[in-house]
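This one's a predicted model, so the numbers in the text were calculated from it and none came from an experiment. We count ligands from 1, going down the list as the structure has it; atoms in each ligand are counted the same way. The residues of the chain are indexed from 1 along the displayed sequence.
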Amino acid sequence: MPSLSGKRKLQAIFLVLFVTSVAYAKITGPDAGYTDAPGDLGNCTACHDTFEVPNVGPGSVNLSGAPSVYNPGQQYTLMVTVQQNNRHRFGFQLTALDQTGNRAGTLASVSSDSQVNPETGFGGRQYIEHTQIGTLATGVSSRTWAIQWIAPSTDAGTVNFWFAGNAANDDDTNQGDYIYTKRVSSDSPTSAVTVSLESQLGGVVLTAGSQYMLSWSVTGVSNIDNVEVRYSTDDGATFSISNQIFFTTDPSVTSVNWTVSNTPTTHGVVRVLVGKKSGDAVQALSRTFTITGDGGVSIPAISGATASAKKLFVYGQNFAIGAVVELNGDEQGTLNDDNDPSHFLRCKKAGKKIAPGSTVTLTVRNPDGTGSAPFAFTRPLE
Ligand code: HEC
């Protein structure tokens, strides 16, 4: 065998150096492409194969700081934590991908315990991972790395963070280590939030005081901030706050049993308004329906009151013969001997219990037990 020329010797030395540096690179940070994301080469168990599959050990890998809905272009600090009792050496690798598997946003290290692998993968995907000095435990049997993610500058749809962690036994080999993998997602700002009313109500006649189940369905739950239900008595022109039926910040609640209000109308409309964490609210409107009293049961309602010396007068509708005015819950001597008794009640002495400038709660109760909504009455200063 001819002796190696000077140039070949140099090449051989370079080859050895290269191989050494690749092997050394294992501990100084994994090769690109082992987060277990679709399109990756796999996960760390490709080499750390004592336990052939990930997530079989008593530890975990987790991510915190990922926004449930990201703002395009905004910078976030994410925390990757690997934890397992009695382990003191840890490692990780993470990539951020859109739903087609391409790189989503920009990953960067914020300290010497992590690094972005210079090698990128499928779709330009970046890999951020531990450095050699970033493998020591920082917590009790755990390590947390703070890393930076800048969200894509425009809405890139849902972003998935794929990551793998190694709870290593610190023997400087790829044996005896437990590998964990996980995925966390961050929703797109326009993550389609939709709402539709299951109860269309078109042409329905509802009786005041009866119960009616309103139900709806939503999509994009992770991007929902709140759900509010109101009704209108003017074909949906206005939905006043006093016509609020329901409010929740729990998007998994999708129905409410509505005690139909005593607001007779042939122009009723129900609205379900869904507020998003980001972006404009979306709504669903019912068709037009009617609210009536059911003939027998008509619920009294107070529209106004006046006091004059000892006397108190109460105005409204659906006052039955024998209706009684209640003042802060106490029944008052009540006369309904007016020529229009369903709209006018008179109390000869209740007025002296209301000092000028004070506010009381009035209700009217019919002999059948139905009561009006409370009415706040402030007696003017005389
Ligand atoms: C291509 C093979 C290979 C892959 C894939 C790989 N490693 Fe390693 N890793 C090694 C080898 C080999 C070592 C031993 C040290 C050395 O040779 O540098 C090692 C060592 C380590 C150590 C120190 C272990 C100890 O007990 O001291 C950590 C931590 C580590 N790797 C983390 C990871 C993580 C996290 C992943 C997945 C994201 C990963 N490795 C993927 C080959 C690999």
With salt bridge (Lys or Arg N to Asp or Glu O under 4.0 Å) as the test, would you mind laying out the steps for Arg143 and Asp113 before giving the verdict? CA-CA 10 Å; Arg143 168 122 203 167; Asp113 67 354; 3.0 Å; yes
Close N or O approach (Asn43, ligand 1; < 3.5 Å): no
Could you name the option among Leu94, Asn166, Asn174 that has the heavy atom nearest to atom 28 (C) of ligand 1? Asn166
Under 4.0 Å from any heavy atom of Cys44, which atoms of ligand 1 are there? 34 (C), 35 (C), 36 (C), 37 (C), 38 (C), 39 (C), 41 (C)
Aromatic plane relationship, His130 with Trp145 - under 30° parallel, 30 to 60° tilted, over 60° perpendicular: tilted
Of all heavy-atom pairs between Ala151 and Tyr70, which one has the smallest distance, and what is that distance? CB-CD1, 3.7 Å
Is there a polar contact between ligand 1 and Asp171, counting only N or O atoms under 3.5 Å apart? yes
How is the hydrophobic cluster of Leu312 composed, in terms of its other members, when Ile, Leu, Val, Met, Phe, Trp and Tyr link through side-chain heavy atoms under 4.5 Å apart, directly or indirectly? Ile302, Val314, Phe319, Val325, Leu327, Leu345, Ile354, Val360, Leu362, Val364, Phe375, Phe377
Run through Phe246, Tyr212, Tyr231 and flag the one making a ring-ring contact (aromatic ring centres under 6.0 Å, His included) with Trp258. Tyr231
Taking only non-hydrogen atoms of Asp170 and a 4.0 Å limit, the atoms of ligand 1 in range are 25 (C), 26 (O), 27 (O)
Can you tell me if an N/O/S atom from His48 lies under 2.8 Å from atom 8 (Fe) of ligand 1? yes
May I ask you to check whether Arg89 has an N/O atom sitting below 3.5 Å from an N/O atom of ligand 1? yes
Using a 3.5 Å cut-off on N or O atoms only, is Asn169 in polar contact with ligand 1? yes
Does Arg271 make a cation-pi contact with Phe239 (under 6.0 Å, within 45 degrees of the axis)? yes
Quick check on the 6.0 Å ring-centre criterion: do Phe163 and Phe92 meet it? no
Glu129 near ligand 1, heavy-atom distance under 4.0 Å? no
Would you check the N or O atoms of Gln93, main chain and side chain alike, for any that come under 3.5 Å of an N or O of ligand 1? no
Which word best sums up how the rings of Phe313 and Phe344 line up, parallel for under 30°, tilted for 30 to 60°, or perpendicular for over 60°? parallel
Sorted by chain and number, sequence neighbours left out, side chain to side chain contact (heavy atoms under 4.5 Å, CB included) with Ser286 holds for Leu197, Leu201, Val269, Val270, Phe289
Which of the ligand 1 atoms, numbered from 1, are nearer than 4.0 Å to a heavy atom of Cys47: 1 (C), 2 (C), 3 (C), 4 (C), 5 (C), 42 (C), 43 (C)
Heavy atom under 4.0 Å from ligand 1: found in Pro30's side chain, backbone, both, or neither? side chain
Heavy-atom nearest option to atom 24 (C) of ligand 1, drawn from Thr173, Asp172, Thr35: Thr173
Atom indices of ligand 1, in the order listed, that fall short of 4.0 Å to a heavy atom of Ala168: 24 (C), 25 (C), 26 (O)
